[in-house]
Amino acid sequence: MTDQTVYFVTQQNYSGGLSTTDVVRGAIEGGVDVVQLREKHMSARERYELGLKLRRITEEAEVPLIVDDRVDIAAAIDADGVHVGDSDLPIEVAREQLGKDAIIGRSVTTPEEARAAVAAGADYLGVGAVYHTDSKDVDPEEEGIGPEGVAAVREAVDIPIVGIGGINAGNAADVVAAGAEGVAVISAIATAENPKEATIRLSDAVMTGVNRR
């Protein structure tokens, strides 16, 4: 993570006619800092095969590749790390499986969860959902923790955090101004007609947030 991070989370069924590999190539051209292989609708075999393609693309571009949920797939494609949540393997087990140099992220919502993740050895946190999002199984009535929730987590821990959930170029600056190092997005890049330009707009918004701190 850098002080201004744009973190792209892949999801093929959100893409507007482009393949995930094409979207990732565009995001990299736009300056994306981290790519996460998500694709929850795919089988393990499909995620593995797509992961191999993304590994080649990201390795050539020197952009870290993280795998969502699946430690086994992260190991199989030699990814840079894994991102885990409440229903996934514990951080300690992921570390044991992937090694001390692996990047391990953890989804959290509250300061208490953030402190627990740090104690378990997380390298960074995905904090949210910041705003309402359709890409996670969130109650439609829930509006998210907002920038205030991001600020509360920022106060609780000193490892890098990225806001996630309902973030776009219009609200990313608020999330970063609240203390996040950056933002993680799916649809803001995946649904764009031009992923490169969408990533540049997000990077500009993140920098605006950095300058507002």
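Note that this is a predicted model, so its numbers are computed, not measured.
- For the atom pair CG (Asn168) and CD1 (Ile189), the distance works out to 11.5 Å, reported to the nearest 0.5 Å.
- Distance alone, capped at 3.5 Å, is enough to place a donor-acceptor pair between the Arg154 side chain and the Val157 backbone.
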Mind listing the side-chain donor-acceptor pairs of residues 117-130 below 3.5 Å, one per line with the distance, residues two or more places apart or on another chain?
from   : atom 1 : to     : atom 2 : distance (Å)
Asp123 : OD2    : Arg95  : NH2    : 3.0
Asp123 : OD2    : Ile104 : N      : 2.8
Tyr124 : OH     : Tyr7   : OH     : 2.6
Tyr124 : OH     : His83  : ND1    : 2.8

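- Annotation for Ala169 and Leu202: closest pair N-CD2, 3.7 Å, computed over non-hydrogen atoms.
- Under the 4.5 Å side-chain heavy-atom criterion for ILVMFWY residues, no single connected hydrophobic cluster contains both Val9 and Val84.
- Across all non-hydrogen atoms, the minimal contact from Gln12 to Leu18 is NE2-O, 3.0 Å.
- Using a 4.5 Å cut-off on side-chain heavy atoms (C-beta onward), Val23 and Thr10 make no contact.
- Here the NZ-CG distance, from Lys53 to Leu37, works out to 12.0 Å after rounding to the nearest 0.5 Å.
- The only option from Arg38, Lys40, Arg47 that meets the side-chain hydrogen bond (donor to acceptor under 3.5 Å, both in side chains) definition with Asp69 turns out to be Lys40.
- In this structure, Ala198 and Ala188 approach most closely via the heavy-atom pair CB-O, 3.5 Å.
- Checked by atom type, the side-chain pair His41/Glu46 shows no donor-acceptor distance below 3.5 Å.
- The CZ atom of Phe8 sits 10.0 Å away from atom CD1 of Ile28, with the distance rounded to the nearest 0.5 Å.
- If you take CG on Leu54 and CD1 on Ile77, they are separated by 7.0 Å, rounding to the nearest 0.5 Å.
- Counting all heavy atoms, side chain and backbone alike, Pro147 lies closest to Ala178 at O-CB, 3.4 Å.
- Transitive grouping of hydrophobic side chains (ILVMFWY, heavy atoms separated by less than 4.5 Å) keeps Val93 and Val67 in distinct clusters.
- Using modelled atom types, one side-chain atom of Asp33 and one backbone atom of Val6 make a donor-acceptor pair closer than 3.5 Å.
- For Gln97 (side chain) and Asp72 (main-chain N/O), no donor-acceptor pair under 3.5 Å exists by modelled atom type.
- Using a 4.5 Å heavy-atom cutoff, the side chains of Glu29 and Thr199 are not in contact.
- Taking CD1 from Ile103 and CD from Gln36, the interatomic distance works out to 11.5 Å, rounded to the nearest 0.5 Å.
- Cluster annotation: Leu98 and Tyr48 are assigned to distinct hydrophobic clusters (Ile/Leu/Val/Met/Phe/Trp/Tyr, side-chain heavy-atom contacts under 4.5 Å, transitive).
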Go through the steps for Arg213 and Val176 under the test side-chain contact (heavy atoms from CB on, under 4.5 Å), then give the verdict. CA-CA 8 Å; Arg213 288 179 190 156; Val176 174; 3.2 Å; yes

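- At least one donor-acceptor pair under 3.5 Å links the side chain of Asn171 to the backbone N or O of Gly166.
- For the atom pair OH of Tyr131 and CD1 of Ile145, the computed distance is 10.0 Å after rounding to the nearest 0.5 Å.
- Following chains of ILVMFWY side-chain contacts shorter than 4.5 Å, one cannot reach Met42 starting from Val82, and the two form parts of different hydrophobic clusters.
- Looking at Asp22 and Arg25, a side-chain N of the basic residue comes within less than 4.0 Å of a carboxylate O on the acidic one, giving a salt bridge.
- Smallest separation of non-hydrogen atoms from Gly163 and Ala180: N-CB, 4.0 Å.
- No continuous path of ILVMFWY side-chain contacts below 4.5 Å connects Ile200 to Val24, so the two sit in separate hydrophobic clusters.
- Arg56 has no carboxylate O lying under 4.0 Å from a charged side-chain N of Glu60, or vice versa, which leaves the two without a salt bridge.
- Listed here is the closest heavy atom pair of Ala114 and Val153: CB-CG1, 3.8 Å.
- Atom CD of Glu92 sits in a crowded spot, with more than 12 heavy atoms from other residues, nucleotides or ligands closer than 6.0 Å.
- Side-chain contact between Pro160 and Thr5: absent, with no pair of heavy atoms (C-beta onward) separated by less than 4.5 Å.
- In this structure, the side chains of Leu50 and Arg55 stay at 4.5 Å or more apart for every pair of heavy atoms.
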